[in-house]
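Numbering of ligands and ligand atoms starts at 1, following listing order. Heavy atoms only: backbone and side chains are in, while hydrogens, waters and symmetry mates are out.
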Amino acid sequence: MKTIKFPNNFEFGTATASYQIEGAAREDGKGEDIWQRFSHIPGNITDGTNGDTACDFYHTYKEDIRLAKELGLEVFRFSVNWARIYPDGIGRINKAGIEFYRNVLIELKENGIKACMTIYHWDLPQKLQDKGGWSNREIVGWFTEYAKTLFKEYGDLVDYWITLNEPWCVSTLGYWTGEHAPGYHDYSMALQAVHNLLLSHGSAVKEFRKLGLKSEIGITLNMNLAYPLDKDDPRDVEAAKRIQLQQNNLFGDPVWKGGYPEELFAYLKEQDVVIPEILDGDMELISQPLDFFGLNTYYAEFVKADEEQWPFHAKAVKSGKPRTDADWEVCPDEAYELLCWIRDTYKPAKLIITENGAAFNDWIDSEGKVQDTDRIEYLKQYLEAVSRAVEDGVPVMGYYVWCFTDNFEWAWGLSRRFGIIYVDYDSQKRITKESAKWLSKVIKEKEYNMA
Ligand code: FCB
């Protein structure tokens, strides 16, 4: 039987995000955000739900943090809803919003849990969307003001700051495929959003450094390696390369190496995509030194060339591996390869897996338990890959499971369950799943057996 071990200073936690858990969508002076708007438009959310109440974390945070403490979580990752702090996105500050996150942070501190705060996890104030949102370069100033307010208010209470969660999703799903808020379909606009997102990230980091805070700061990128479905077909090989460039290098290269992937931009120009204007000083601003690389990863991409798919002429397909209920293939070996790829490509001094986890169709059995053995198996396989990467010199120092409680899973709604804690949305009752109990033991012992 193989024992998987982690170093003593390796930190285990869970991740979550404001719109997905808080509810209280119209309480205490909060402004409207784009997910609130988007989720109320019929057809946008598969199961017709929205985040108006979600897990009601706005009211239940004390009990939830008590649960986190019981499980022995070392880090609690969560995000701030910008519209709770600035109802209009800029200008007037909402004191109740400031108080809420301060209370959450104090609760975490009193329970001995480190706080990882994501500044932006997708819930843009609607008032800023009305001015173009991420496609308007002015957002760099708006975001910097917002981030500065958080640094000033919470500087002594946060351990890890994440500027942005998954700018690929914000830009591609929000401005190109339209699956996510604000629901546009314009790739040139998406690319402009990429540049503005990355400038905003860099500008916030620059301000953070001026304050001389003790905490660490990074960005969370979602990355996957892309493999050609048929490795002997040169068209699939080229298509996979393009998918990887647009998902990984388009974000990793500017942040960690100070330049956009030229090969990708040349290809996109041929496709008549408008490349964002890059001003003097932009790349220096984007590539501020960071304390850690935040990685979210759930699956790998298997790619086929497809002439119909503008602008990349490539399509992600299934390779035949087992899938979770999110229809994502379980790819731990590919995750190991991804970690090594990041080590070799970007050489970060520290890497935190800020999200990994699985959706399964959980239910409460006759004994009142949620026996999510599939999730335990998924976590075992991915953590084995992580420990292998650590042995091979990838500086992974932390791993956060997505997610703490079941929550509002964006375009899928409330019915897609990723949590290690089950939520009965009618009663708001929490039930600790078997996976949470398993994880709790792993955290305590810093090891587990594979079989
Ligand atoms: C990631 C998001 C997170 C969650 C998981 C399943 O892309 O960052 O909010 O929805 O996927």
Side-chain angles (χ1 to χ4, degrees), residues 13-23 33-36 38-39 44-47 49-51 54-55 57 76-82 116-124 134 160 162-177 179-181 197 201 218-224 246-248 251 293-301 316 323-331 335 338 352-362 372 374-375 378-379 382 399-421 423 435:
T14 53
T16 188
S18 40
Y19 187 78
Q20 299 184 269
I21 58 168
E22 285 175 6
D33 63 69
I34 55 172
W35 270 93
Q36 200 175 336
F38 185 79
S39 63
N44 280 349
I45 310 298
T46 320
D47 65 3
T49 57
N50 57 59
C55 311
F57 182 77
F76 190 83
R77 177 181 173 219
F78 67 109
S79 75
V80 176
N81 186 312
W82 185 339
C116 175
M117 182 180 265
T118 312
I119 299 173
Y120 185 74
H121 199 132
W122 306 359
D123 32 19
L124 191 76
W134 291 106
Y160 303 110
I162 293 173
T163 52
L164 304 173
N165 179 71
E166 302 187 352
W168 180 87
C169 288
V170 177
S171 51
T172 306
L173 304 182
Y175 291 82
W176 167 227
T177 68
E179 290 159 80
H180 280 186
L197 280 154
H201 151 78
I219 185 171
T220 282
L221 303 177
N222 56 313
M223 289 194 173
N224 300 310
Q246 64 84 33
Q247 168 143 31
N248 296 2
F251 300 88
F293 187 118
L295 170 70
N296 290 357
T297 193
Y298 290 87
Y299 52 90
E301 304 280 7
R323 300 180 209 174
T324 66
D325 275 11
D327 212 25
W328 291 345
E329 290 187 323
V330 182
C331 303
L338 171 66
I352 302 174
I353 298 179
T354 46
E355 283 181 32
N356 174 244
F360 286 109
N361 184 17
D362 303 312
D372 55 338
D374 288 347
R375 185 170 291 102
Y378 178 99
L379 295 176
Y382 269 81
Y399 175 93
Y400 310 159
V401 178
W402 184 271
C403 49
F404 181 53
T405 52
D406 292 331
N407 65 31
F408 177 78
E409 272 305 331
W410 308 116
W412 290 318
L414 291 169
S415 43
R416 199 55 64 87
R417 294 179 181 273
F418 273 88
I420 56 167
I421 293 174
V423 177
S435 59

Atom indices of ligand 1, in the order listed, that fall short of 4.0 Å to a heavy atom of Phe418 = 6 (C)
Sub-4.0 Å atoms of ligand 1 with respect to non-hydrogen atoms of Asn165 | 8 (O)
Can you figure out which of Trp412, Tyr298, Trp168, Trp328 has its heavy atom closest to atom 5 (C) of ligand 1?
->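 Heavy atom nearest to atom 5 (C) of ligand 1 belongs to Tyr298.
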Knowing that exactly one of Asn165, Thr220, Thr118 qualifies, which makes a side-chain hydrogen bond (donor to acceptor under 3.5 Å, both in side chains) with Thr354?
->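 The option that passes is Thr220.
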Hey, is ligand 1 close enough to Trp122 that some N/O pair sits below 3.5 Å?
-> no
Could you check whether [Y] and [X], counting side-chain N and O atoms only, form a donor-acceptor pair closer than 3.5 Å?
X      : Y      : value
Glu22  : Asn81  : no
Glu355 : Tyr298 : yes
Asn356 : Tyr378 : yes
Asn44  : Ser39  : no

Starting from [atom], find the nearest protein heavy-atom neighbour and note its residue, name and distance.
atom                    : answer
atom 1 (C) of ligand 1  : Glu355 OE1, 3.2 Å
atom 7 (O) of ligand 1  : Glu166 OE1, 2.6 Å
atom 10 (O) of ligand 1 : Glu409 OE1, 2.6 Å

Does the separation of the ring centres of Tyr120 and Trp134 fall below 6.0 angstrom?
->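 That pair passes the under 6.0 Å test.
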Close approach of Gln20 to ligand 1, heavy atoms, under 4.0 angstrom |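 Gln20 counts as a contact of ligand 1 under the 4.0 Å cut-off.
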